[in-house]
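One structure is given here, and the rest of the page talks about it.
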Amino acid sequence: MAVAFDEMNIPGGDLRPAYQELARWLKETPPEALEYRRQEAELLFRRIGITFAVYGDSESTERLIPFDVIPRIMSGKEWALLEKGLKQRVRALNMFLRDIYHGRDILRAEVVPDDLIFQNPVFRPEMNGQQVPHDVYVHIAGIDIVRVDAEDFIVLEDNARTPSGVSYMLENREIMMRLFPDLFARHRVAPVERYPDELLSALRSVAPQGASGEPTVALLTPGVYNSAYYEHSFLADKLGIELVEGRDLIVKNNEVFMRTTEGVKRIDVIYRRVDDDFIDPLTFRPDSVLGVPGLMSAYAAGNITLANAVGTGIADDKAIYSYMPDIVKFYLGEEPILKNVPTWRCREPKDLAYVLDNLGELVVKEVHGSGGYGMLIGPAATKATIEAFREKLKREPEGFIAQPTLALSTCPTCAASGLAPRHVDLRPFVLTGSKSTTIVPGGLTRVALKEGSLVVNSSQGGGTKDTWILDE
């Protein structure tokens, strides 16, 4: 595998400009002082109760995501390029989703194969021809970005359903400001604190035409047993909106109301963290107790906005991902600013043959997988694992894509042995309202804490860092 791009050090011993001040500060700070603050950060996270649940883990249901106190730093110039690319990509995603549920120009032009849409389990025929308020499908997108060199940002995957992790971005910043005021004083770090205001303003802007002057927004959660429940309650609190479960809502005359101590109150926008399958037992899974009976008919009548829209899961599909450069060109007539990882579609016989011949060097992912589950990292896998995966691939090739193993960039991280490079990715959060698209400068940097590991997912032992964009 190629040598990873080091975000702090230039080969030959020089430092990249964005990291020069941090390097000076690290020289002046004794290791034990750093370790003391690291422990303090852990204590604060425990006290606040920032945990996430790991499904299927017998040892513990609630875990603390490890936090690394060395910030990841990016120059304003690098961020400007990334921001431009993210806005372009999310615009294309919204146009793609509108098209596949309406005119289907992209299918007629044979840019994307029909069966990838119509045979896809997350395609929602219920959304065919349905207008969504202001034509916005993806109000909140979490786009996972990696770097392999100084020039390019590469999209690893698109999260257009219910992207999570923004609470960690906000909490990481708060804790860093509390523990490292001296380090902040030496940098001009662009603020992320305005994210809740921008999210609320984006959500209010997409309220249905008939909404009241100040649209009422609520956050719909599956409840306390969901792995991201901490984030749901955190965001509802920051936005100053009600956190509701399905049983708190009722649909009358195709309008949605929430039960309150003063009677029922009409809602205009639901920021939902409940998957399509469970959102309305009358339309989707009849056994769902998490949803609201009749919600889809209120949605069809144009009386409620759901953020994100129903049916956006098709844009998270990893086979669709492989067509994103073509999708951007088709709708916008522009070259994509952000690159894709080269991808082999195992559904295509030629690609499958190549993948089967080179399993030991590739990363193979399920097209509907997430959270780092169900994937094969060839270079790190045993012979037996590779052979078992080979059989799985032969049985259902259409369920997988393969990609080269990327040497993800590294950032300095606190390890047991002192400061050491560890691989990172970045999830910026892109907000689309009726008039504009905004991105707070930064995002959630996830870091693979095990030496040499490329898996940054918290469910697989990864941690997080604060992401500093320098205000230049």
Side-chain angles (χ1 to χ4, degrees), residues 72 74 76 78-98 132-147 152-170 172-173 190-206 217 219 228 231 235 238-239 269 271-273 305-309 311-317 320-321 324-325 327-328 331-332 334 336-340 370 425-446 467 469:
R72 178 202 199 159
M74 232 184 251
E78 289 171 309
W79 175 254
L81 173 72
L82 180 53
E83 183 179 43
K84 204 174 157 194
L86 289 165
K87 286 181 175 178
Q88 178 198 52
R89 194 168 178 106
V90 170
R91 223 174 109 216
L93 278 172
N94 269 306
M95 291 171 84
F96 168 69
L97 286 162
R98 187 183 190 289
V132 305
H134 310 276
D135 277 341
V136 181
Y137 282 78
V138 184
H139 309 82
I140 302 117
I143 310 286
D144 291 345
I145 300 286
V146 296
R147 300 185 75 176
D152 297 308
F153 291 100
I154 298 177
V155 176
L156 202 54
E157 60 182 52
D158 301 291
N159 296 288
R161 259 180 286 204
T162 48
S164 62
V166 78
S167 57
Y168 301 103
M169 170 184 91
L170 296 168
N172 288 354
R173 175 61 52 89
V192 293
E193 299 76 62
R194 59 172 201 270
Y195 178 84
D197 294 342
E198 297 208 347
L199 174 57
L200 185 59
S201 134
L203 291 172
R204 282 189 171 144
S205 79
V206 292
V217 183
L219 193 153
E231 174 156 298
L235 281 173
K238 288 276 187 211
L239 294 170
V269 180
Y271 174 17
R272 63 174 184 117
R273 298 295 290 260
T305 297
L306 297 178
N308 289 342
T312 53
I314 196 102
D316 289 4
D317 182 281
I320 295 289
Y321 160 92
M324 271 312 288
I327 288 172
V328 170
Y331 294 109
L332 304 176
E334 299 166 1
I337 296 165
L338 303 177
K339 292 185 170 175
N340 253 28
S370 67
D425 78 352
L426 175 67
R427 177 176 291 181
F429 295 91
V430 185
L431 300 176
T432 303
S434 61
K435 300 275 190 299
S436 64
T437 299
T438 55
I439 310 169
V440 296
L444 180 66
T445 286
R446 299 183 300 176
T467 312
I469 309 299

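Just so you know, residue 1 is the first one in the sequence shown, and it goes up from there.
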Set of side-chain contact (heavy atoms from CB on, under 4.5 Å) partners for Asp197, sequence neighbours left out: none

Heavy atoms of Pro441 and Pro191 approach each other most closely as CD-O, 3.6 Å

To the nearest 0.5 Å, tell me how far His139 NE2 sits from Leu199 CG. 10.5 Å

Step-by-step side-chain contact (heavy atoms from CB on, under 4.5 Å) determination, Asp135 to Asn94: CA-CA 8 Å; Asp135 277 341; Asn94 269 306; over 6 Å; no

Sorted by chain and residue number, the side-chain contact (heavy atoms from CB on, under 4.5 Å) partners of Met95 (sequence neighbours excluded) come out as Tyr331, Leu332

Heavy-atom closest contact (Val136 atom, Gly433 atom, distance): CG2-O, 3.7 Å

Would you confirm whether Glu198, through its side chain, and Val440, through its main-chain N or O, come within 3.5 Å as a donor-acceptor pair? no

Reported OH-to-CG distance for the pair Tyr168 and Leu170, which is rounded to 0.5 angstrom: 12.0 Å

Qualifying residues under side-chain hydrogen bond (donor to acceptor under 3.5 Å, both in side chains), relative to Thr445, sequence neighbours excluded: Arg72, Thr467

My understanding is that only residues two or more places apart in sequence, or in another chain, count here; which of them pass side-chain contact (heavy atoms from CB on, under 4.5 Å) with Thr437? Lys87, Val430, Thr432

To the nearest 0.5 Å, what is the distance between NZ (Lys84) and CD1 (Ile439)? 12.5 Å

Can you give me the closest heavy-atom contact between Ser205 and Ser434, atom names plus distance? OG-N, 2.9 Å

Any side-chain heavy atom of Arg273 sitting closer than 4.5 Å to one from Ser164? yes

What is the minimum heavy-atom distance between Pro196 and Leu239, and which atoms define it? O-CD2, 2.9 Å

Are the side chains of His134 and Thr305 in contact, using a 4.5 Å heavy-atom criterion? no

Answer whether the closest heavy-atom distance between the side chains of Phe153 and Lys339 falls below 4.5 Å. no

For a 4.5 angstrom cut-off between non-hydrogen side-chain atoms, does Leu82 reach Leu426? yes

Provide the closest heavy-atom pair for Val155 versus Tyr321 in the form atom of the first, atom of the second, distance. O-OH, 2.5 Å

Check: Arg91 side chain, Val328 main-chain N or O, donor-acceptor pair, under 3.5 Å: no

Find out whether Glu157 and Asp316 are in side-chain contact, i.e. whether some heavy atom of one side chain is under 4.5 Å from a heavy atom of the other. no

Taking C-beta and beyond as the side chain, do Leu444 and Phe429 meet within less than 4.5 Å on heavy atoms? yes

Inter-residue atom distance Phe96.CZ - Thr312.OG1, 0.5 Å rounding: 11.5 Å

Enter the distance from Lys238:NZ to Leu219:CG here, rounded to the nearest 0.5 Å. 14.5 Å

Check whether any side-chain heavy atom of Asn308 lies under 4.5 Å from a side-chain heavy atom of Pro163, and answer yes or no. yes

Looking at residues at least two apart in the chain, or sitting in another chain, which of them share a side-chain contact (heavy atoms from CB on, under 4.5 Å) with Pro325? Pro336, Asn340

Are side-chain heavy atoms of Ile140 and Leu431 found at a separation under 4.5 Å? yes

Heavy atoms only: give me the nearest Asp158-Met324 pair and the separation to one decimal. OD2-CG, 3.8 Å

Between atom CD1 of Ile469 and atom CD of Glu83, what is the distance when rounded to the nearest 0.5 Å? 9.5 Å

Ile145 vs Leu86, test: side-chain contact (heavy atoms from CB on, under 4.5 Å). Steps then yes/no. CA-CA 10 Å; Ile145 300 286; Leu86 289 165; 4.1 Å; yes

Going by the salt bridge (charged side-chain N to carboxylate O under 4.0 Å, His left out) test, which pairs reach into residues 426-443, not counting sequence neighbours? Asp144-Arg427

